[in-house]
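Since the structure comes first, as structure tokens, the remarks are kept for the end.
Here is the naming used below: chain letters follow the sequence lines, and residue numbers restart at 1 for every chain. Here the structure is a predicted model, which is why all the values come from computation and not from measurement.
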Amino acid sequence: MSLYVPIVVLGVLALGFAGFSVVMGSLTGPKRWNRARLEAYECGIEPTPQPVGGGRFPVKYYLTAMLFIVFDIEIIFLYPWAVAFDHLGLFGLVEMVLFIVTVLIAYAYVWRRGGLEWD
Amino acid sequence: MNVPTTHLLADALAATPRTEQCTGKPYGLGSFGCDPWWLVGAKALVIFVFLLLTVLLSVWFERRVIGRMQLRPGPNRAGPFGLLQSLLDGIKGATKEDIVPRGVDKVVFFLAPVMAAAPALVSFSIIPFGGIVSIGGHKTPLQLTDLPVAVLLVLAMSSMGVYGFVLAGWSSMSPYSLLGGMRSSAQVISYEIAMGLSFVAVFLFAGSLSTSEIVNAQAHGGTYHFLGMTGHLPSWYVVLLFPSFVIYLFTMMGESGRIPFDLPEGEGELVAGYHTEYSSLKFLMFYLAEYINMATLSALCTTLFLGGYRAPWPITGIWSGANSGWWPILWFLIKLWMFIFFFVWVRASLPRVRYDQLMRLGWKVLIPVSLGWILFVSAVRALRNEKHDMRPVMLGAAVLIVILLVVSAIWERASGSGKAGAAEEAAEPEPDPMAGGFPVPPLDAPHYHGAGDARADKSAEATRA
Amino acid sequence: MTGHYLALSAILFTIGAIGVLIRRNAIVIFMCVELMLNATNLAFVAFSRMHGTLDGQIIAFFVMVVAAAEVVVGLAIIMAIFRSRKSSSVDDANLLKY
Amino acid sequence: MSYVNIAAGNISPPTIEYGKLAPILIVLGAAAVGVLIEAFLGREQRYWAQVQVSLLGLVGAFAWTVALGVSSTPHHVAAMGAIGVDGPTLFIQGTILALALMSLLLIAERRHEPSPFTAQASSVPGSPEERESLVAGITQTEVFPLMLFAVGGMLIFPAANDLLTMFVALEVLSLPLYLLCGLARRRRLLSQEAAVKYFLLGAFSSAFFLYGTALLYGYAGSVRLSDIATAISSKAGTEPLLLAGVALLSVGLLFKMGAVPFQVWKPDVYQGAPTAITALMASCTLVSAVGGILRVFYVGFETLRWDWRPMMWAVAILTMLLGAIVAITQTDVKRMLAYSSIAHGGFLLTGVIATNQAGLSSTLFYLAAYGFTTVGAFAIITMVRDAGGEAWHLSRWAGLGKHHPLLAGTFALFLLAFAGIPLTSGFTGKFAVFQAAVAGGATPLVIVGVLSSAIAAFFYVRVIVLMFFNDPAVDGPLVVSSPTSTAAVAVGALATVVLGVVPGPALHLAQSAASQFFVR
Amino acid sequence: MLTALIAIPALGALLVGLLPKDKDALAKYTALGVTLVVAVLTVVMAIRFDNGGPRFQFVEKYWWIRQFNVHYAVGVDGVALVLILLSAILVPVVVLASWNDAERSGGVEEPPKRSVKAYFALLLSLEAMMIGVFAATDIFLFYVFFEAMLIPMYFIIGSYGGPQRSYAAVKFLLYSLFGGLLMLAAVIGLYVVSANAGHGTFLFDELTQLHIQPTTAKWLFLGFFIAFAIKAPLVPFHTWLPDAAGQSPAGAAVLLVGVLDKVGTYGMLRFCIELFPGAAKWFTPVVLTLSVIGIVYGAVLAIGQVDLKRLIAYTSISHFGFITLGIFAMTTQGQTGATLYMVNHGFSTGALFLVAGFLIARRGSSRIDAFGGVKNVAPLLAGTFLVAGLSGLSLPGLSTFVSEFLVLVGTFTRYKVPAIIATSGIILAAVYILWMYQRTMTGPTTEKVAGMRDLSKRELVVIAPVLALLVVLGFYPKPALDMINPSVKQTMVRVDQHDPKPTVAEKGTRP
């Protein structure tokens with residue numbers, strides 16, 4: 001575990017710094033109340049009222065997130081395979097080709113069905 | 001070890017080279033985890049300070065360079081060559097009013113900048129600055145720590161950072177911020193896939209995910225016959241795995257969210273994206289995160305593709321001591337700043353791309369190309385491991401690649417025109433993607449395919465053509 | 001040490017299970033299920049440590065994959081019913097009865 | 001402990017016996033081809049291409065399974081022990097494939113109006129988008145690859161020799177089914193509701209399965225069934241870890257087959273899903289789930305018999321009784337068959353509890369017999385139609401025997417088979433299972449089984465009464481038959497009669513399949 | 001030979017079922033032809049039956065389901081043969097009797113729309129099952145016929161019966177099915193016992209050699225007995241019979257009460273007693289009590305009935321009490337009498353139902369008070385009704401007298417009190433039969449009855465042979481008795497305490 005301790009040390013340092021800065025930011029600056037300034041900034045027009053919870057995300061983003069999950073998981077499996085590749089011989093190659101081809105099939109489907117289109 | 005895949009993966013993880021821990025010989029994973037606590041603290045602090053300095057410096061650097069490229073001087077008042085400019089900017093930021101708009105989700109609004117900045121800093125803990133040196137009697141590597149899964153840490157931290165952006169956008173309760181946050185996350189995760197894929201070939205050759213091991217693996221490239229010369233070429237993966245490197249460069253730009261891929265904060269459309277509502281030091285935290293990310297990505301690229309802290313080939317040929325002692329830090333910094341310069345250069349030269357172009361590049365070009373490249377590399381390597389004659393294989397692969405490229409180019413052209421056909425009809429009432437107050441994609445809507453109605457037929461014809 | 005992890009995993013699993021049983025929003029129920037899966041992952045990794053074999057960690061990979069696939073399918077289904085009914089409460093889904 | 005300690009031994013590449021796994025691979029391959037067809041073929045050509053690919057895939061896999069069974073004495077583990085290729089497994093897989101073929105005939109049915117499946121699952125029922133797609137004649141063809149994926153999972157599930165593979169197979173078979181459930185064009189809200197319920201409960205139960213797996217892994221240090229069995233027999237006493245693991249695992253397994261108290265999803269899902277999909281679930285999924293239960297309890301927990309048997313007794317008794325009793329009050333024909341399926345699950349469990357070779361072979365036979373009958377029955381349900389789709393309410397079936405004696409007669413045959421009347425396959429199966437159970441010392445269970453059969457007979461008979469002895473409504477439902485669904489009905493009826501009158505060959509097959517037990 | 005007897009009606013059923021829709025007449029003639037062929041064949045077989053020969057004759061045995069050790073094994077002894085004879089003779093009679101039933105059934109108001117050929121196909125398949133059930137010497141096969149038999153009967157009652165037909169049909173089916181399933185459990189139990197003894201079998205011959213634990217035997221006996229008691233029907237299980245017989249068309253009622261229910265008593269005699277002699281003895285007091293209750297209870301209820309068919313059905317319950325009494329008296333006389341009683345009851349009740357059917361068809365109602373003074377307008381009808389009725393009350397000279405006498409004598413030799421009580425049944429029988437006759441046939445002719453036709457030729461042909469048989473067997477029962485006696489004696493050998501080779505089970509229950 002000791003390998004991870006330095007990361008924690010640096011992480012604490014980073015969190016401390018960032019937290020400190022954010023808190024300091026609200027303390028050091030001047031406070032001049034101005035009604036207009038507290039509105040959401042929309043280039044000067046009347047702000048659009050936002051529903052609680054920040055409104056809804058366009059569904060495209062969900063789609064992207066789902067696709068990301070699919071591919072990210074592919075990567076999970078690719079890494080150990082890559083590391084052990086030299087030990088696995090042709091077997092490793094064949095299996096991974098099958099695996100990647102499978103993912104590519106899904107990929108082709110999504111592509112053709114417009115899952116990757118942005119407008 | 002019973003399940004085949006279990007078997008395979010377990011073996012794979014176990015395959016990290018085993019060395020006695022803390023002997024320092026050979027230099028690798030085994031050299032880590034034996035520092036005394038004060039050394040760990042000192043190293044962490046040094047990295048922290050180093051990063052802050054890098055940010056200050058690179059902000060100045062960027063402005064100067066861009067200034068030069070645009071035939072103007074850039075900041076030159078504060079300090080020699082304007083070096084203190086960015087520091088002063090920071091101080092000024094701290095004295096500005098910290099505006100918390102009405103209606104924001106206060107807790108998240110405060111947390112978001114922290115979540116953006118902190119992970120960026122942490123990534124750097126696994127970047128090797130150099131080999132083993134002696135500090136206070138301790139032999140210790142010039143690297144905070146290393147893990148068997150070091151590169152994953154970087155990916156994990158960049159994903160953590162995304163939370164900062166998304167939450168910033170979400171908590172601001174403003175349409176621009178929200179859209180910026182969403183875009184940012186979509187962009188980062190899209191490019192993260194390609195980035196993750198670009199690493200695979202590196203791991204394949206290095207046989208490890210540990211950064212120090214990867215650097216080591218690039219030291220001894222074996223003997224390559226190059227222009228009739230036999231020598232120990234520094235087998236940097238930038239040479240060996242050039243396509244991976246190129247892909248990484250693209251994804252690096254995408255991940256950093258800088259021009260030409262700075263869509264999340266595209267001023268023209270989104271004011272300032274997810275940090276529109278931020279001011280004062282909170283805003284600076286996002287700023288900080290961006291520049292640290294830039295440094296991290298550059299450092300990672302250096303480590304994975306440019307032999308890390310190792311001196312480049314001609315120097316090692318002349319000077320055998322170039323890779324020992326404290327010298328490697330120099331080589332590392334040179335390479336790092338090369339990349340930072342590259343970032344700046346790109347920023348100065350290229351315009352911002354459109355969002356759909358950005359996503360298209362990520363999803364439709366980088367991902368398939370990297371998958372193909374992985375298949376190719378692994379096939380070649382597997383066949384070489386099995387002692388096959390590589391020349392016909394290479395030839396065949398080359399032909400195949402050319403064919404694929406041509407086909408995909410034609411395809412792209414064709415689907416592009418199909419898209420144009422569809423766009424032509426955009427005036428017609430399209431199915432409203434936000435119908436009923438909730439966005440569900442018409443995944444199967446006629447205009448995506450063919451058949452159905454006249455206009456879809458047209459586009460289908462175009463597709464077939 | 002392993003015991004603590006296991007206890008935590010059991011607690012998380014129970015929280016998830018109770019959540020599934022008492023919550024009414026389909027998405028929340030679904031998240032509770034995910035919590036259960038992650039509790040399982042924790043148990044696997046803890047056992048893996050205990051036995052000194054890697055199997056448990058590998059299994060965790062597979063569980064993640066499955067969980068991801070479930071997310072994709074589940075969200076699609078829940079969205080479909082949400083569009084039709086404008087509600088994701090399972091109490092409103094009451095057409096099927098004994 | 002750090003990574004260094006974990007690092008062990010040399011890596012030797014695993015081996016995979018592709019030949020022995022071919023049936024699974026063929027089905028999954030066909031599914032992948034199906035996805036490609038969806039991606040690259042024009043809308044008009046998709047339907048036929050999909051039907052052909054699915055048909056070829058299933059027939060090919062079936063042929064290969066038969067070849068595997070015939071060519072050599074199958075008793076191997078494949079893929080480093082993850083998949084067992086043995087007699088019972090091949091029998092179950094063959095059954096699943098045959099039943100899937102029949103279900104495919106129903107799924108491929110496109111003669112009814114536009115299609116029983118909605119073209120766009122995401123569109124709101126009755127919305128302009130939906131009408132647009134209807135006018136355009138868009139049909140749903142993704143059901144074919146989805147179905148093939150599900151069938152692939154079903155093939156792996158009973159073959160899986162370790163719990164992880166089993167879990168993955170469970171999900172591979174479940175996830176497409178969740179989606180398929182929500183695709184009904186008629187009665188969409190019901191269908192979507194069924195999908196959500198099935199999904200949430202299914203995910204819930206698979207979490208239990210997984211936690212059980214984790215506990216067993218903690219107990220035995222491996223998820224392989226044979227290792228667990230070894231651990232059970234070598235470690236003295238029964239640890240809480242083991243018992244809790246078995247219990248949680250059983251929850252997941254019993255859920256899939258719909259045993260009480262995990263049956264709640266079944267009626268809802270059977271009712272809401274498109275009938276062709278219901279047929280698939282009622283036959284193939286049940287076969288697969290019971291196959292998995294057989295393997296887990298016969299291979300993994302065999303030595304623990306005395307601990308799980310009481311639990312299974314209770315489950316079996318409750319399942320038989322509840323299924324039979326609640327079915328009586330049903331007015332929806334699919335819902336009634338769902339409860340009937342629950343009751344049949346109870347009978348199947350009787351065979352499992354027998355834990356002897358006869359129990360195994362009789363359960364195998366019962367699965368085949370029940371599967372064919374149930375697909376046939378659901379096929380008939382798709383044929384009896386009203387203006388609003390299938391005539392689901394039982395009252396609409398009144399007097400069907402007057403106008404359509406052949407159809408009603410066949411349905412009556414299926415119902416009689418469900419009830420277990422001699423000379424139908426249902427009787428032979430029930431007899432086999434009960435006989436095995438009595439031989440295995442579960443006589444009281446058989447008594448309960450007999451009682452619940454008698455109760456169950458009531459509602460089957462009621463339907464027959466309705467069809468034959470009641471007067472038809474003036475605007476009675478139409479019978480819309482087509483070659484494919486008629487073929488499914490014919491096969492189902494034929495199997496029901498043949499397995500009832502001359503069950504010898506099939507029984508022989510089941511027995512010789514079971515003669516070697518499961519491979520470890 | 002036996003296979004042919006089973007196959008011919010089965011094939012006939014298929015043939016009739018496949019005839020074109022509008023060929024009703026052809027269907028009728030085909031059915032009649034087939035049943036006549038079967039009847040002739042059966043008579044031939046009865047003649048060729050060797051009374052002194054082995055117990056089971058015309059034996060056939062093939063593997064059916066090897067995995068279950070199930071054989072297709074048929075063979076007849078005297079008891080089975082006379083019952084087959086009964087069925088084979090009654091079926092053509094019924095076919096002829098219900099010549100127009102199918103069209104007319106379903107209540108008077110309903111238009112004739114039932115399928116004619118289906119009716120006759122069902123009748124034929126029922127005949128196949130009935131012959132099969134008596135011929136089977138493999139218990140599994142017996143069970144299969146036993147259960148499968150329900151289906152055609154169920155459809156006959158349900159489709160062609162009276163206004164309450166579906167209720168009656170369902171009640172009939174569920175009762176029988178319940179009993180059947182209990183029997184199934186017992187059959188399985190029996191098999192497992194035999195398998196545990198080393199050789200799993202369903203063959204009757206081999207099972208009788210089996211030594212069964214007394215407790216197990218009692219449970220198994222109960223399984224079989226309840227099934228048969230429901231079928232027979234014995235008193236607590238009888239409630240389906242009046243409904244089923246009352247609602248079914250006359251012809252079917254004949255078969256239902258005349259033959260189908262005999263399967264129950266036949267099963268008691270053949271299986272309950274022979275397979276579990278010890279248990280049978282142990283249960284004898286209970287069974288005797290039930291029988292006696294049945295005799296009296298059935299008779300009393302019969303007196304109170306206002307519906308012709310229901311009345312006849314209740315008389316049958318009383319008669320079945322006599323049969324079980326005879327069987328469980330465990331004497332040769334009693335059992336021979338009981339067997340003969342089965343045959344006679346088949347004919348006599350058959351005749352009653354047939355005549356009642358003629359009456360009802362004419363009047364359109366089955367209520368007794370709807371008739372009156374029939375003999376004035378239709379003397380032939382009244383006459384046949386009287387003869388049939390008299391056979392029902394066992395008038396000496398008619399065959400039923402012989403059997404009832406044998407039963408009572410046989411019972412008396414061992415169990416005096418039940419026999420004495422049972423005798424009261426005879427008196428009650430006189431009451432219900434004669435009173436019924438008086439109410440329907442005598443007295444002033446009512447308006448509705450006035451136009452009633454007398455028996456037609458067809459009806460005469462139907463009723464005459466049955467009545468003739470009643471008379472003939474009444475004066476000369478020897479051929480039947482000769483046939484029955486050897487089998488019964490063998491049964492007695494199995495059961496009797498003076499058995500030269502007592503079994504373990506018997507020792508255990510010896511008083």
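Partners of C:Ala43 under the side chain to side chain contact (heavy atoms under 4.5 Å, CB included) rule, at least two apart in sequence or in another chain, are C:Leu6, C:Ser9, C:Phe47, D:Tyr211, D:Ala214. Scored by the side chain to side chain donor-acceptor pair (under 3.5 Å) test, C:Asn38 finds no partners at all (sequence neighbours excluded).
Note that CZ of C:Phe62 and CD1 of A:Ile73 are 11.5 Å apart. Values are rounded to the nearest 0.5 Å. Taken to the nearest 0.5 Å, the CD1 atom of A:Ile69 stands 12.0 Å off from the CE atom of C:Met64.
A 4.5 Å side-chain heavy-atom check between A:Met66 and C:Val71 finds every atom pair outside the cut-off.
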- Message: Go through it in stages, so that I can follow the logic: the residues are C:Phe61 and A:Tyr79, the test is ring-ring contact (aromatic ring centres under 6.0 Å, His included), and I'd like the CA-CA distance, side-chain angles, deciding distance and then a yes or no.
- Response: CA-CA 12 Å; C:Phe61 275 17; A:Tyr79 281 5; over 10 Å; no

